[in-house]
Amino acid sequence: MNTFIFVFLLSTPGVTAVLHTVRYFQTSSSDVPNFPEFVAVAYVDGFVIGHYDSNTRRAVLKQDWVKDALGEDYIESLTARGGKHQLRFKAHLENLKQRFNQSGGVHTYQQMHGCDWDDETGEVNGYCLYGYDGEDFISLNLKEQIWIAAKQQAFISKLNWDNNKAMMSHCKYYYTQECPENLKKIVNVGRSFLMRTDLPSIQLLQRTPSSPVTCHATGFYPRYAEMFWRKDQEEKVLEGVDHGEMLPNHDGSFQMSVDLNISLIRAEDWSRYDCVFQIKGVEEDLTVTLDKSVILSNWRKSDGGVVAAVVVPVLVLVALVGFVLWKKCRPARCPSGFTGSHTSDTSSSSPGESDPNKETSEEQREMRTLIS
Ligand SMILES: *[C@@H]1O[C@H](CO)[C@@H](O)[C@H](O)[C@H]1NC(C)=O
Ligand SMILES: *[C@@H]1O[C@H](CO)[C@@H](O)[C@H](O)[C@H]1NC(C)=O
């Protein structure tokens, strides 16, 4: 995700047109304490629009405008689909464990799929990747219409799927037409929400008197933002600076941080340093000057202690969810789960299926049902 965001930042400076994205993540896991064994999350432009997990067994859309875009009975169909995928992903995970000769322990199987739409050029792109235990397993090359096995254990799935012409033609239809059409529908209804600019609150935090000072910005949107330390109003500080990852908040906004190693800075020079936040579409910089009196910390007795204590667990939680969701893909079928469509519950190709012939015939049956 970070690579993706980074490329985004580099490729769209000052451009008003935005590449819109929809991403569906489905994660099946075994033996992860306090984490549902199946989680599906849908993102539009990096913002969570829907969620299903095996604990609640309900699909939830996150915003009223998303419901408006997708229709009333859509949630019911998502809940039903979530239940089906939960079972299927679990079975596939078990099969993959066998393929890897693993009996127990923590394992994950993930699918990440979706599409992009450039609303200036009209160009669309589709993606479908599966991962096992945090590593790529198999992915779709839509242009060549083949599956790429990233692991030797994925090769049997590749052969089956490559031979499944009905599944491939469905994938092609789904990723080049249905997925972008749904994305456009959602973006058009949610334009005022998705195209807004929210400025963050920015705080300086410090764990111990000798720790780096963390400049933390949270609540900004969109994610096309940059943050850095500056000296004497002009020069970007490079030495002793450590950039944190950009992370999503639950409300769809983002947070990020940048650390400054203050052991390199003389006390009388502190006021020459500013933390600077810049976001696309806003001319003025947001700045906070390095100043002991505004730093929130756990050891210094000030009301800031409360804030620092709250911020840290949220960061940890978000980082965990982000990690679990990003790194793991999952076997099942190509268009699945939280797709923005009623008809996309389709191909049930499963790299985890132990009997390849059975897998193929089941897939084909489902595909035929779908296509007819
Ligand atoms: C799993 O075990 C079988 C039989 O012992 C062996 O042939 C195969 O190479 C093993 N696979 C892996 C991924 O270790
Ligand atoms: C900060 O800089 C000092 C001096 O170069 C170094 O010893 C220390 O390890 C650095 N701290 C961090 C957290 O990088």
Side-chain angles (χ1 to χ4, degrees), residues 1-10 13 33-34 46 106 134-135 199-221 223-250 253-280 285-328:
M1 190 138 90
N2 289 320
T3 315
F4 189 70
I5 292 168
F6 187 61
V7 169
F8 245 10
L9 282 169
L10 290 179
N34 306 319
V106 172
E135 291 179 12
L199 297 179
S201 67
I202 303 178
Q203 269 150 350
L204 301 184
L205 311 169
Q206 197 180 19
R207 205 150 292 176
T208 73
S210 60
S211 301
V213 171
T214 298
C215 181
H216 181 252
T218 187
F220 61 90
Y221 185 95
R223 62 191 171 198
Y224 309 109
E226 203 189 349
M227 195 158 68
F228 54 90
W229 284 95
R230 187 173 61 186
K231 191 179 177 189
D232 297 333
Q233 309 285 314
E234 49 187 32
E235 160 200 352
K236 237 186 217 186
V237 181
L238 301 173
E239 202 184 344
V241 171
D242 189 15
H243 288 264
E245 297 188 25
M246 188 172 315
L247 298 168
N249 289 323
H250 285 295
S253 66
F254 294 87
Q255 58 172 293
M256 69 172 156
S257 62
V258 55
D259 287 0
L260 178 66
N261 185 342
I262 41 108
S263 71
L264 305 165
I265 298 170
R266 290 180 307 175
E268 62 267 33
D269 286 339
W270 273 42
S271 61
R272 297 168 65 188
Y273 289 81
D274 292 315
C275 171
V276 181
F277 176 92
Q278 298 173 334
I279 191 161
K280 188 174 156 244
D285 297 343
L286 269 67
T287 61
V288 180
T289 301
L290 185 59
D291 177 350
K292 281 202 171 67
S293 67
V294 303
I295 295 177
L296 306 178
S297 60
N298 286 326
W299 82 90
R300 205 177 276 124
K301 283 286 163 242
S302 74
D303 51 13
V306 179
V307 178
V310 171
V311 166
V312 173
V314 170
L315 281 170
V316 171
L317 180 70
V318 170
L320 174 74
V321 172
F323 167 74
V324 173
L325 292 178
W326 172 244
K327 234 352 211 175
K328 330 291 175 111

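Just so you know, ligand 1 is whichever comes first in the structure, and atom 1 is the first atom listed for that ligand. In what follows, residues are counted from 1 in the order of the sequence shown.
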Note to self: Under 4.0 Å from atom 5 (O) of ligand 2, can you find at least one protein heavy atom?
What the structure shows: yes
Check: What atoms in ligand 2 come closer than 4.0 Å to a heavy atom of Leu264?
Finding: 2 (O), 4 (C), 5 (O)
Margin query: Could you check, using the six-membered ring where one of them is a Trp, whether Phe228 and Phe277 have ring centers closer than 6.0 angstrom?
Written below: no
Check: Okay, side chain of Asp285, backbone of Thr287: is any donor-acceptor separation there less than 3.5 Å?
Finding: no
Notebook entry, point to check: Can you tell me if Ser263 has a non-hydrogen atom under 4.0 Å from ligand 2?
Noted result: yes
Check: What protein heavy atom is closest to atom 13 (C) of ligand 2, reported as residue, atom name and distance in Å?
Finding: Pro212 CG, 3.8 Å
Margin query: Tell me whether Glu239 at atom CD has more than 12 heavy atoms from other residues, nucleotides or ligands lying less than 6.0 Å away.
Written below: no
Note to self: If we count only N and O atoms by modelled type, under 3.5 Å, do the side chains of Thr218 and Asn249 hold a donor and an acceptor together?
What the structure shows: yes
Item checked: Cation-pi check, Lys236 onto Trp229 ring (under 6.0 Å, within 45° of axis) -> no
Check: Identify the closest protein heavy atom to atom 1 (C) of ligand 2: which residue and atom is it, and at what distance?
Finding: Asn261 ND2, 1.4 Å
